[in-house]
Amino acid sequence: MKLECGINLGGYLSQCKHERAHYESFIQESDLKQIAEWGFDHVRLPVDYEVLEDEEGNEIKEGFGYVKQVLDWCIKYQLNAVLDLHKAYGYDFNDAGEAEKNNLFSNEALQERFIQLWLRLANAFGCYHNVAFELLNEVVEKENAQAWNQLIQKAVIAIRSVTANTPIIYGGIQWNSVKTLKLLDIPKDDNIIFTFHFYEPLLFTHQKAHWVANMDKEKDIFYPESMDYYRTQSEVLGYQGEVVTKAHAANMGEEFIREMVKEAVDAAENAGVGLYCGEFGVIDQAPQPDTLRWFKDVKKVFAENHIGGAVWTYKEKDFGLIGEHYDSIRGELISLWTQKR
């Protein structure tokens, strides 16, 4: 399955108001047509559990219908799709560190519910030739590394009982960090793809983001700037700034990105699996010329390592490619990312 140049449909069936009016207006068939005409070869479709099941775990047929509609549009416009469970009952990356909310990994009943949801998804969509399954968007906490490995194995076994050929995608802890893929067990199954998310340096890609603790909400950050500058400025981000503060690269730019990506490449090669970047992008608060420079560097390093991925994101969510902020660079950015290797 080709997953070379894609784009996320964030905010459609995830991180949204879970209401029929939203589902029926946010993404239309014309959007998939446009994505295909731009030259993208796939979409990543994040879906929260609320679309698929009620609080008691009963299936919401209408929600499955919205997913089917997108996958059918993808077939019509010759697009592949990554079906990403963005939020599971008992686990939401937005609630990182809150054990009373994120108790999937300590509750066997919730883990069984997670597996049952994937069985439903496999039965509904395992027959689609153009779909890959992504088990869970982002696991955050360090202490869940081994519990995540165990849940992965159970979920893969369940999915394979229904579909032998659908690619299964999953990543490591710490928000799908490149540094944690090495903590994943070597798969026992075929057609497995490791995934990572790439928003480094976070100081640049998430500048002024209201949801990042200690991020300066007023300061413009330019790219590339010096490595010393990024190390100093990233210290205030604490845990989320460590990727930069502990990097060995002497220069911000291709050298830094290459160092980061190598960890993911090495982990995938060691496990004998494919490698995919499920999310990467720059917030709509960043200077546009710098945004384009960042994308050029990421594209170059990804191409060197034969890594495909999906831009975050098509619409809204502070990163929306069709938003006014990207008007001056959108054409070049799309052309850059959809240029075949």
Side-chain angles (χ1 to χ4, degrees), residues 14-15 46 48-50 57 84-118 133-159 168-189 192-203 206 209 211-215 234-247 260-264 266-268 270-271 273 275-279:
S14 69
Q15 296 174 276
D48 291 346
Y49 81 89
E50 290 100 327
D84 153 50
L85 185 59
H86 215 65
K87 176 183 175 183
Y89 189 83
Y91 198 86
D92 182 349
F93 67 98
N94 289 306
D95 297 326
E98 297 184 39
E100 68 279 5
K101 291 183 179 180
N102 276 354
N103 51 359
L104 173 65
F105 295 104
S106 60
N107 187 312
E108 290 188 8
L110 292 184
Q111 291 179 28
E112 180 59 29
R113 177 167 170 171
F114 177 86
I115 291 165
Q116 289 303 313
L117 177 55
W118 269 114
F133 293 156
E134 184 175 343
L135 295 183
L136 188 58
N137 175 54
E138 291 177 347
V139 178
V140 179
E141 302 86 356
K142 292 179 180 179
E143 62 269 21
N144 286 329
Q146 194 50 40
W148 176 221
N149 274 316
Q150 294 167 359
L151 186 56
I152 287 169
Q153 184 175 359
K154 293 176 183 177
V156 169
I157 290 171
I159 292 169
I168 299 175
I169 300 173
Y170 50 85
I173 58 171
Q174 293 181 256
W175 296 275
N176 277 354
S177 168
V178 294
K179 292 182 170 293
T180 61
L181 285 176
K182 62 191 175 188
L183 302 179
L184 293 171
D185 290 342
I186 293 177
K188 299 177 181 178
D189 199 87
I192 299 296
I193 300 171
F194 281 2
T195 186
F196 66 97
H197 291 177
F198 195 78
Y199 292 108
E200 297 298 343
L202 196 75
L203 185 75
H206 280 59
W211 63 91
V212 178
N214 300 321
M215 180 70 76
S234 295
E235 287 176 356
V236 71
L237 300 180
Y239 177 49
Q240 289 183 280
E242 286 184 358
V243 170
V244 171
T245 60
K246 294 182 178 181
M260 297 298 103
V261 169
K262 187 178 187 304
E263 295 204 44
D266 289 348
N270 181 61
V273 300
L275 185 61
Y276 171 74
C277 182
E279 294 181 17

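If you read the sequence from its start, that first residue is 1, and numbering goes on from there. Note: hydrogens, waters and symmetry copies are ignored here, and every other heavy atom, side chains too, is used.
Note: W148 and F114 have perpendicular aromatic rings, judged against thresholds of 30 and 60 degrees for the angle between ring planes. The aromatic rings of W175 and Y239 are tilted relative to each other, their planes meeting at an angle between 30° and 60°.
Screening I157, I192, L184 for a side chain to side chain contact (heavy atoms under 4.5 Å, CB included) involving I152 leaves a single residue, L184.
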Is there a side chain to side chain contact (heavy atoms under 4.5 Å, CB included) between K188 and V156? Walk through the geometry before answering. CA-CA 9 Å; K188 299 177 181 178; V156 169; over 6 Å; no

Next item on the list: For side chain to side chain contact (heavy atoms under 4.5 Å, CB included), just list the numbers for K182 and N270, CA-CA rounded to whole Å, side-chain angles, deciding distance to a tenth of an Å, and then say yes or no.
Entry: CA-CA 8 Å; K182 62 191 175 188; N270 181 61; over 6 Å; no

Quiz item: Passes side chain to side chain contact (heavy atoms under 4.5 Å, CB included), Q150 versus Q111? Steps please.
Solution: CA-CA 10 Å; Q150 294 167 359; Q111 291 179 28; over 6 Å; no

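Using modelled atom types, one side-chain atom of N214 and one backbone atom of V236 make a donor-acceptor pair closer than 3.5 Å. Between the side chain of D185 and the main chain of N149, no donor-acceptor pair closer than 3.5 Å is present. The main-chain N or O of N102 is never found under 3.5 Å from a side-chain atom of D92 such that the two would form a donor-acceptor pair. In terms of modelled atom types and a separation under 3.5 Å, the side chain of W118 and the main chain of L135 share a donor-acceptor contact. Between the N176 side chain and the N137 main chain, a donor and an acceptor come within less than 3.5 Å of each other. Distance alone, capped at 3.5 Å, places no donor-acceptor pair between the E141 side chain and the Q174 backbone.
Looking at every heavy atom in both residues, P201 comes nearest to V244 through CB-CG2, 3.8 Å. Closest approach of L110 and G90 over heavy atoms only: CD1-CA, 4.0 Å. Heavy atoms only, all atoms of each residue included: Y91 and F93 are closest at CE2-N, 3.9 Å.
Taking CD of E138 as the start and CG of N94 as the end, the distance is 8.5 Å to the nearest 0.5 Å.
Annotation: Y276 is not in aromatic contact with F194 [ring centroid separation under 6.0 Å not met].
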